[in-house]
**Q** 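What follows is a single structure, and I will ask about it in a moment.
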Amino acid sequence: MNAPYDGDRVHGAGGTGADRGVPPETGPDGTVPPDPYLQHAYDYDPYRAQDLAAQDPVGEALYDRAAHPPPPPGTYQEPQPLYQQPPAAQYPPDPRVWAPTPAPEPAGPSRNLPYGDDARTTQFVGVDDLVTRASEDEEEQDAFAHLFRDQERPGGRHAGHPEQEPAREPAPQKKSGGRASGLLRSSALMAAGTLVSRLTGFVRSLVITAALGAVLLGDSFTIAYTLPTMIYILTVGGGLNSVFVPQLVRSMKDDEDGGEAYANRLLTLVMVALGVIVAAAVFAAPLLIRLMSLSIANDPDANSVAVTFARYCLPTIFFMGVHVVMGQILNARGKFGAMMWTPVLNNIVMIATFGLFIWVYGTSAESHMGVETIPQDGVRLLGIGTLLGLTVQALAMIPYLREAGFRFRPRFDWKGHGLGKTVKLAKWTVLFVLANQAGVLVVTQLATSAGKLSGQDGTGFLAYSNAQLIWGMPQAIITVSVMAALLPRISRAAHDNDPGAVRDDISQGLRNSAVAIVPVSFAFLALGLPMCTLLYGSSGSEASRSMGFILMAFALGLIPYSVQYVVLRGFYAYEDTRTPFYNTVIVAAVNAAASALCYVVLPARWAVVGMAASYGLAYAVGVGVAWRRLRNRLGGDLDGALVVRTYARLCMAAIPAALVGGVVGVALLELLGEGVFGSIVALICGGLLLLGIFFGAAKKMRIEEVNGLLGMVRGRLGR
């Protein structure tokens, strides 16, 4: 049993020992000492007189005064600030002492390397190496390097630094901070140039139709004028437009001279090839006219006029190719405007030529000129003017090239410099164009034959071409401009093996172009008649109405046509030209088969209208095939859900707008007549209603791309 504490025996719970009769213990002097177990713990501090700072009982209990005696009274120092500059050392630190280069590790696994690194592949770099190699880093070129070049002497050296080499033009960057703004600027510049080019192209088609009429004479000139473009695309055009841009971008990125030698070799090769092609085509002009249209070839007068026109027009193949190569060199260097603006010069020259023809001979409605009565001087005037237009267009590219720092020097060392690979890639593109032009050739034969059989104006190939010219304007202004700015970036992403970036750029191109392509396609469907009666009213009411029906048949095919164009850029970025070839074979086959069916089933008056609808149907089939193949190429993801949702919502907003705008436009056209005034009023009122309802519905549906476009427009207007 534990004995109680002595204090418990002496003191009770509530009293003292005296209360229980126990006498208290006394000291030697007879006084009773205080009991330490009954007094308060803080009443007595044995160190209070010696250390005034010791007031914390917890700190006092933990403080070991034997090991750390407190300072004597009066010697307490105030604490120094915690954050201050350390005193400067007398000598700087020696990196060889505090950071020596580690010794090489032995072969095989080493337990001294962290994270299980392999000693055989680990490079040890000490401070000595970092310090000695710091001066070897190359200075990046800045955005103001051109200021230095502007002050250089004629000898190529700066006045103050004769030993300094001239600054090289910086290579294209993979990523840029202003990615979206740069794309919008480039697209806006090209869209403006293409818009002006297309508008002047409209004027050109107007004066051609006014001068020659929408009859056999007009078809004969249109066949001859279209023939050089078809031959150019069949030979080198397809490869130049799609294959050589990625190759030029790679050469600028990888070659020491920035790709200038490669561009000179390419331009020299194209010029030689096109010279041979032009000579062969001019010699074979009668055969080519027969291939284009049997109905014209079988008419002696029409064949004679068409062959004469063709021999004047065929040399333009050379200038087409030179213009395209120069434009692609500028595009690869980030200069996008020249290729879109120089065609305006061609249109101006042709407008002046046909205007002079009208001034001399009168319009077709006044002179009733046909293939039998057109004078040879008139044929010669139109032929020389057409050739001169393409010549001026190509030569106008030279100042832009000089401004970009490119100097053409003919180079014939084609072997062993990458052109063979480019030609192999272009092989499939040529086959791609061949398949596409085969479908066009079938349509040309059928359209000219249908126009001759119907005996009515505006039912032949010229009407088909004029309606297609209007229909293709949004594609050339919007989709082509957006993708021309995106294609170099997509090519770099494909070269860097970044399928995510390729997918994002293609998705961006599809959605950005859809904002304008979808409502415009429905506008063609609703307002095709007033458009054509306004533009081609000089050719007669019957011909203009026929062109309006053809444009309406083309209308909705603009959507798959635009999508197909964007999707195929993804294959070209990966240098895959075989897949677009197979896809185009399908499109051409569907187009030719459907057009032939329309020619057989429909009356001759409506056969060309059915052919226009077949064109859109063929591209709708082609989009399904191309989309699936590109999605598989990019790892099964092409952002399809977002793209399809955007197009579906845009179509939902456009359908009621087209219904209201079309009804109002046609009603006004019938009420006011098909003259210039009635056509303008119908087109303006119907178009404003269509656009207002579309953008209002799109805003209510919160379509992101439309709201972004409206916000950009408000920002430009300062609202």
**Q** Is there side-chain contact between Tyr536 and Ile470, with heavy atoms separated by less than 4.5 Å?
**A**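 Touching, per the 4.5 Å side-chain cut-off.
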
**Q** Between Arg290 (side chain only) and Pro286 (backbone N and O only), is there a donor and an acceptor less than 3.5 Å apart?
**A**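 The answer is no, because no donor-acceptor pair under 3.5 Å joins these two groups.
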
**Q** Might you point out which heavy atoms bring Leu551 and Cys532 nearest each other, and give the distance in Å?
**A**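 Heavy atoms only, the tightest pair is CD2-SG, 4.0 Å.
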
**Q** Keeping Asn591 on the side-chain end and Val587 on the backbone end, is there a donor-acceptor pair under 3.5 Å?
**A**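 No; judged by distance alone, with no hydrogens or angles, the pair does not exist.
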
**Q** Mind checking the CD1-OH spacing from Ile358 to Tyr361? Nearest 0.5 Å is all I need.
**A**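 Rounded to the nearest 0.5 Å, the CD1-OH separation comes to 13.0 Å.
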
**Q** Of the non-hydrogen atoms in Ala573 and Ile490, which two are nearest, and what is the gap between them?
**A**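 Closest approach of Ala573 to Ile490, heavy atoms only: CB-CG2, 3.3 Å.
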
**Q** Looking at Ser562 and Leu558, would you say the former's side chain and the latter's main chain have a donor-acceptor pair under 3.5 Å?
**A**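 No, the answer is negative, given that no donor and acceptor are paired below the 3.5 Å cut-off.
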
**Q** Looking only at atom types and distance, does a side-chain atom of Asn346 sit under 3.5 Å from a main-chain N or O of Gln393, one as donor and one as acceptor?
**A**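 Here the side-chain-to-backbone pair does not exist.
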
**Q** Could you tell me which non-hydrogen atom of Ile517 sits nearest to which non-hydrogen atom of Gln475, and how far apart they are?
**A**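 Residues Ile517 and Gln475, closest heavy atoms: CD1-N, 4.2 Å.
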
**Q** With side-chain contact (heavy atoms from CB on, under 4.5 Å) as the test, would you mind laying out the steps for Phe354 and Leu212 before giving the verdict?
**A** CA-CA 9 Å; Phe354 280 87; Leu212 303 179; 4.2 Å; yes

**Q** Rounded to the nearest 0.5 Å, what separation is found between the CZ atom of Phe461 and the CD1 atom of Ile223?
**A**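 Those atoms lie 4.5 Å apart.
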
**Q** Any non-hydrogen side-chain atom of Leu199 less than 4.5 Å from a side-chain atom of Met473?
**A**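 Answer yes - side chains close enough.
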
**Q** Mind checking the CG-OH spacing from Leu274 to Tyr232? Nearest 0.5 Å is all I need.
**A**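 Going from the CG atom of Leu274 to the OH atom of Tyr232 covers 7.5 Å.
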
**Q** For the residue pair Thr459 and Ser546, confirm or rule out a side-chain donor-acceptor distance under 3.5 Å.
**A**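 Result is no, nothing qualifies.
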
**Q** Leu345 versus Val349: any side-chain heavy-atom pair under 4.5 Å?
**A**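 A side-chain contact under 4.5 Å is absent here.
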
**Q** Run the numbers on Thr353 and Phe357 for side-chain contact (heavy atoms from CB on, under 4.5 Å), then give the verdict.
**A** CA-CA 6 Å; Thr353 300; Phe357 182 89; 6.0 Å; no

**Q** Does Val392 reach the side chain of Phe319, with side-chain heavy atoms less than 4.5 Å apart?
**A**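 No, every pair of side-chain atoms sits at 4.5 Å or beyond.
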
**Q** Find out whether Phe554 and Phe524 are in side-chain contact, i.e. whether some heavy atom of one side chain is under 4.5 Å from a heavy atom of the other.
**A**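 Side-chain contact under 4.5 Å: no.
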
**Q** Do Pro519 and Leu650 touch side chain to side chain, with heavy atoms closer than 4.5 Å?
**A**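 No, their side chains stay 4.5 Å or more apart.
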
**Q** Looking only at the side chains, is there a donor atom on one of Ser449 and Tyr599 sitting less than 3.5 Å from an acceptor on the other?
**A**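 There is such a pair (donor and acceptor under 3.5 Å, judged by atom type) between the side chains of Ser449 and Tyr599.
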
**Q** Do side-chain atoms of Asn347 reach the backbone of Ser197 as a donor and acceptor pair under 3.5 angstrom?
**A**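 Checking the backbone N and O of Ser197 against the side chain of Asn347, a donor-acceptor pair under 3.5 Å is found.
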
**Q** Using only heavy-atom distances, determine whether the side chains of Ser293 and Asp219 contain a donor-acceptor pair under 3.5 Å.
**A**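 Side-chain D/A pair, Ser293 to Asp219: absent.
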
**Q** List the steps, then state whether side-chain contact (heavy atoms from CB on, under 4.5 Å) holds for Ile374 with Val379.
**A** CA-CA 7 Å; Ile374 184 172; Val379 175; 3.8 Å; yes

**Q** Mark yes or no for whether Tyr647, through its side chain, and Leu510, through its backbone, hold a donor-acceptor pair below 3.5 Å.
**A**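 Looks like yes, one N/O pair under 3.5 Å.
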
**Q** For Leu690 versus Phe522, what's the shortest heavy-atom pair and its separation?
**A**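 That closest heavy-atom pairing would be CD1-O, 4.3 Å.
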
**Q** Quick check for you: to the nearest 0.5 Å, what is the distance between Met552 atom CE and Met547 atom CE?
**A**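 Rounded to the nearest 0.5 Å, the CE-CE separation comes to 16.0 Å.
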
**Q** Under the side-chain contact (heavy atoms from CB on, under 4.5 Å) rule, what do Leu330 and Met397 come out as? Steps first, then yes or no, please.
**A** CA-CA 9 Å; Leu330 290 172; Met397 298 291 289; 3.7 Å; yes

**Q** Rounded to the nearest 0.5 Å, how far apart are CD of Gln564 and CH2 of Trp627?
**A**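 Between Gln564 CD and Trp627 CH2, I get 12.0 Å after rounding to 0.5 Å.
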
**Q** Has the side chain of Arg511 got a donor or acceptor atom that lies under 3.5 Å from a matching backbone atom of Val643?
**A**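 Side chain of Arg511 to backbone of Val643: no pair is present.
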
**Q** If I take atom CG from residue Leu535 and atom OG from residue Ser205, how far apart are they, to the nearest 0.5 angstrom?
**A**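 Reported to 0.5 Å precision, the distance equals 7.0 Å.
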
**Q** If you compare all heavy atoms of Leu527 against all heavy atoms of Gly687, which two are closest, and at what distance to 0.1 Å?
**A**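 Where Leu527 meets Gly687 most closely, the heavy atoms are CD1-N, 3.6 Å.
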
**Q** Relative to each other, are the rings of Phe221 and Phe309 parallel, tilted or perpendicular (30° and 60° limits)?
**A**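 Plane angle over 60°, so perpendicular.
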
**Q** Are any side-chain N or O atoms of Gln445 and backbone N or O atoms of Leu291, one a donor and one an acceptor, separated by less than 3.5 Å?
**A**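 The answer is yes, because a donor-acceptor pair under 3.5 Å joins these two groups.
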
**Q** Determine the minimum heavy-atom distance between Ala224 and Ala306, stating which atoms define it.
**A**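 Minimum heavy-atom contact is CB-O, 3.6 Å.
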
**Q** Within the distance-only criterion (no hydrogens, no angle test), does the side chain of Ser595 pair as donor or acceptor with the backbone N or O of Ala592 below 3.5 angstrom?
**A**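 Side chain of Ser595 to backbone of Ala592: no pair is present.
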
**Q** Please confirm whether the ring centroid of Tyr464 lies under 6.0 Å from the ring centroid of Tyr615.
**A**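 Centroid separation for Tyr464 and Tyr615: 6.0 Å or greater.
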
**Q** Does the side chain of Val567 reach to within under 4.5 Å of the side chain of Asn583, using non-hydrogen atoms?
**A**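 No; the side chains remain at least 4.5 Å from each other.
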
